[in-house]
2 protein chains.
Amino acid sequence: MPSAPRGPASSRRPTMAEVAAKAGVSRTLVSFILDGKPGASEETRQRVLAIAKEVGYRPDAAARLLALGRSRTLGVLTDVRQLFQAELVTGIYPAAEQLGYEVLLTTNLSDRPESVPIDALISHRCGSLILLAPTSGHDYLIKLAAEVPVVVVGPRLPAEVLGAGVDLASVRTDDARGIGDAVDYLVTLGHKDILHVDGGDGSGSPERRRGYREAMSAHGLEERIDIIAGDHTEEAGAAAARELLARPGLPTAVLASNDRSALGLLDVLTRSGVDIPGELSLVGFDDTRLSDFPRIDLTTVHQDAPGLAQHAVRLAVELLERRCSGPKEVVLRSQLVIRGTSGPPPATVRR
Amino acid sequence: MPSAPRGPASSRRPTMAEVAAKAGVSRTLVSFILDGKPGASEETRQRVLAIAKEVGYRPDAAARLLALGRSRTLGVLTDVRQLFQAELVTGIYPAAEQLGYEVLLTTNLSDRPESVPIDALISHRCGSLILLAPTSGHDYLIKLAAEVPVVVVGPRLPAEVLGAGVDLASVRTDDARGIGDAVDYLVTLGHKDILHVDGGDGSGSPERRRGYREAMSAHGLEERIDIIAGDHTEEAGAAAARELLARPGLPTAVLASNDRSALGLLDVLTRSGVDIPGELSLVGFDDTRLSDFPRIDLTTVHQDAPGLAQHAVRLAVELLERRCSGPKEVVLRSQLVIRGTSGPPPATVRR
DNA sequence: CTGAAAGCGCTTACAG
DNA sequence: CTGAAAGCGCTTACAG
């Protein structure tokens, strides 16, 4: 026996061959039966199934992958610290399961490049990759997609990237329109001094910034355009709030680039005695909600997480199975959800 | 060629054999070189490494696993909706990497049994499993641990489960003592009417409930013991708050079983005009914090997430490598973190 | 320093 | 309905 001595694991873990031996049939037949293929008598089927269950047989994914050459596994890169992504992940599982695919997860960590978890996914033979709000550059994405199909969820990809001739697709929310809806709503209420705390280069942030500018201009408010630089964290929102409070006057409305930033704003402003929405209206983006708890009752732009997840899975599978017919970019509509942090501007505007 | 035609993937993905052919050496040597083993001249080493890089060679984890018989991969079951678990996951990666292990993640979903994601982990040949706050019964855990080493992070496992003779270990916080510290602190401030909103059968909840009872008794406050049933969600905290508000009088302090529950309490109580901490002190558990943002400035019992993660990984690896010498239960101390939601009881106690 | 060879556990044409 | 056989890409004694 030229190979190394095996650990107790292999003796502990029953193989297909053992099931076959116990059942007195060939390995081929066991494979067919477990795969649900025809070709075995009903009686044999039952016996083999019973034995497999009895010995606790579990298919070895590694061997299966190796034999198949390609896996029915979708690799998902997420950031476990982002609650909105948790909602996407929650939607990805059932969508994948329905198409007969498994899902493997890895997470981004702040102290290592995104390519590390992505490499792990590829090494484990994920057939295609779903990247949630990736931060890598476009060159990297194109190189990656030349190797394995990639679906990017969140940020907008320029046409030249999507059209680079590789297996790269994009699923996202119509961020610009979502912010535009929020601006329209605030303007209708009578707001004019609407400020935007942006999300830096966070997923969707450039689009949201653009949507804000365009909507303000469309309402003839271009000279009221006012942007504080931020990112998609509570801390950035809190910092923006401090900056606002240091100014001579407050805007009547603030549009945060995401809910986390809005939370930071809400926290600092509320503590400083700013009445929300009486004195200032606050609107977030994402509608992050994993429980049914209304949390802070934030007016926000709702993203269709289950829809995004479903399309991402569909595209990932189509790309993998080489039958991607439709467009490689899916843009879902958002929906403004009006809750308790927004209302008409105060009668006496401070400016 | 009896096997099925391969998809474009295999032709696209370079193998070790291709690298060997290009370099004009044997596959064995390539394997040795990529593995960092001695046995090749420096010149050959460099050439092979260069070629591997040039053709974009990536090791095939499936084949590697199959050949090795055992994987250097740790499977982690988490719940992507639980922020505290995200902190554990964040700590698990670097700890595993340091020991030369990879990490594979799956998530619990509310609509399917925990055994589904666990089976996926096993199928992908994870050498051992780290289960974050699992909800499965003890019988299941014992059965599972007979098959593959299991480390449970969070809930306390009874001695008879840990001593069942299978590869099962536990890492947790001293929940009872943590709550006890919080009770001591509140009593020192002058509180007597200290109520506990428990966490049902959430991870650590039974211990926290016990700790509350014991600490209250130790202070001679057994007749003030008052528990509202809940779970580890904001919604449960909010429900408890509503129940409290419907009572004739409020306690002077509330101990929530975790931070999410405390958030729900805080939200509803604050909205109802209850002054926190002036009128009522609120204490959470976990110290969930992924950003540096103080969020709601909650007084809480801090859990050492990096420490829990590190011990979990260490045990998982020791169990896997059959050199588990030390105890199979690690209990880490918690630390009370006093912030803005707690203070002395109001001068005029409502009762 | 290097190569031929067996084996990991599975799948799937192919031939009964 | 069933079996013998090759192959997926890797690792590792063993023999030069």
Side-chain angles (χ1 to χ4, degrees), chain A residues 1-7 9-21 23-48 52 55 57-73 122-125 127, chain B residues 1-7 9-21 23-48 52 55 57-73 122-125 127:
Chain A
M1 206 203 293
S3 69
R6 300 282 164 247
S10 49
S11 60
R12 200 158 64 179
R13 184 168 171 166
T15 70
M16 209 173 232
E18 282 167 51
V19 175
V25 300
S26 73
R27 286 161 37 187
T28 308
L29 196 59
V30 174
S31 176
F32 273 50
I33 290 172
L34 293 177
D35 226 32
K37 288 187 192 147
S41 67
E42 186 54 27
E43 191 242 312
T44 317
R45 259 180 54 78
Q46 294 302 338
R47 190 156 41 90
V48 167
V55 302
Y57 173 76
R58 290 170 194 270
D60 182 327
R64 182 160 221 271
L65 288 191
L66 197 54
L68 283 173
R70 236 193 189 308
S71 89
R72 289 183 75 83
T73 301
I122 295 180
S123 269
H124 284 275
R125 272 198 179 227
Chain B
M1 204 202 295
S3 70
R6 298 284 164 245
S10 47
S11 60
R12 199 158 66 179
R13 184 168 172 166
T15 69
M16 208 173 231
E18 281 167 52
V19 174
V25 299
S26 72
R27 287 160 37 188
T28 307
L29 196 59
V30 174
S31 174
F32 274 49
I33 290 172
L34 293 177
D35 227 33
K37 287 185 193 152
S41 67
E42 186 53 28
E43 190 242 313
T44 318
R45 258 180 55 77
Q46 294 302 339
R47 189 157 42 89
V48 168
V55 301
Y57 173 76
R58 289 170 195 272
D60 183 327
R64 182 161 221 271
L65 288 192
L66 198 53
L68 283 173
R70 238 197 185 305
S71 88
R72 290 182 75 82
T73 301
I122 295 179
S123 271
H124 285 273
R125 271 198 180 228

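Here is how names work: the chains are called A, B, and so on, in the same order as the sequence lines, proteins then strands, and each is numbered from 1.
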Where do [X] and [Y] come nearest, in terms of heavy atoms and distance?
X       : Y      : answer
S123(A) : P59(B) : OG-O, 3.3 Å
I122(A) : R58(B) : CG2-CD, 3.6 Å
V55(A)  : P14(A) : O-CG, 3.1 Å

Comparing nearest nucleotides in DNA chain C, the 5'-proximal residue of the pair E42(B), R58(A) is E42(B)

Considering just the side-chain nitrogens and oxygens of [X], establish if one lies under 4.0 Å of OP1 or OP2 belonging to [N].
X      : N       : value
T44(A) : dT2(D)  : yes
S31(B) : dC10(D) : no
R64(B) : dT11(D) : yes

Figure out the [atom1]/[atom2] separation between [X] and [N], and round it to whole Å.
X       : N       : atom1 : atom2 : answer
I33(B)  : dT11(D) : CD1   : P     : 13 Å
R125(A) : dC8(D)  : CZ    : P     : 11 Å
F32(B)  : dG3(C)  : CZ    : C1'   : 11 Å
D35(A)  : dT12(C) : CG    : C1'   : 10 Å
M16(B)  : dT2(C)  : CE    : C1'   : 15 Å
D60(A)  : dC10(D) : CG    : C1'   : 14 Å
R47(A)  : dC1(D)  : CZ    : P     : 13 Å
L66(B)  : dG7(D)  : CG    : P     : 16 Å

Quick check for you: among [options], whose closest atom lies nearest to any side-chain atom of [X]?
X      : options                  : value
V25(B) : dC1(C), dC10(C), dG3(C)  : dG3(C)
R27(B) : dT2(C), dT11(D), dG9(D)  : dT11(D)
L29(A) : dT12(C), dG9(D), dT2(D)  : dT2(D)
S26(A) : dT12(D), dT12(C), dT2(D) : dT2(D)

Just grab all the side-chain hydrogen bond (donor to acceptor under 3.5 Å, both in side chains) pairs involving residues 25-35 of chain B, residues at least two apart or on different chains.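 Listed once each, the pairs are D35(B)-R64(B).
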
Notebook entry, point to check: How far, in whole Å, is dG16(C) from dT12(C) if one measures between their C1' atoms?
Noted result: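 One C1' to the other, the span is 16 Å.
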
query = Do L34(B) and Y57(B) have side-chain heavy atoms sitting under 4.5 Å apart?
reply = yes

Taking pairs as Watson-Crick (N1-N3 plus N6-O4 or O6-N4) or G-U wobble (N1-O2 and O6-N3), each distance under 3.5 Å, the stems of three or more consecutive pairs with DNA chain D are C:1-3 with D:14-16, C:5-12 with D:5-12, C:14-16 with D:1-3

Exercise. Describe the nucleic acid contact of T28(A) in one word from base, sugar-phosphate, nothing, applying a heavy-atom distance below 4.0 Å.
Key: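 Base contact.
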
For A23(B), check side chain to side chain contact (heavy atoms under 4.5 Å, CB included) against everything at least two apart and list the hits.
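A23(B): side chain to side chain contact (heavy atoms under 4.5 Å, CB included) contacts with V25(B), R47(B), V48(B), I51(B).
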
Show, in sequence, the C-alpha distance, side-chain angles and deciding distance for M16(A) and D60(A), and conclude whether the side chain to side chain contact (heavy atoms under 4.5 Å, CB included) test is met.
CA-CA 9 Å; M16(A) 209 173 232; D60(A) 182 327; over 6 Å; no

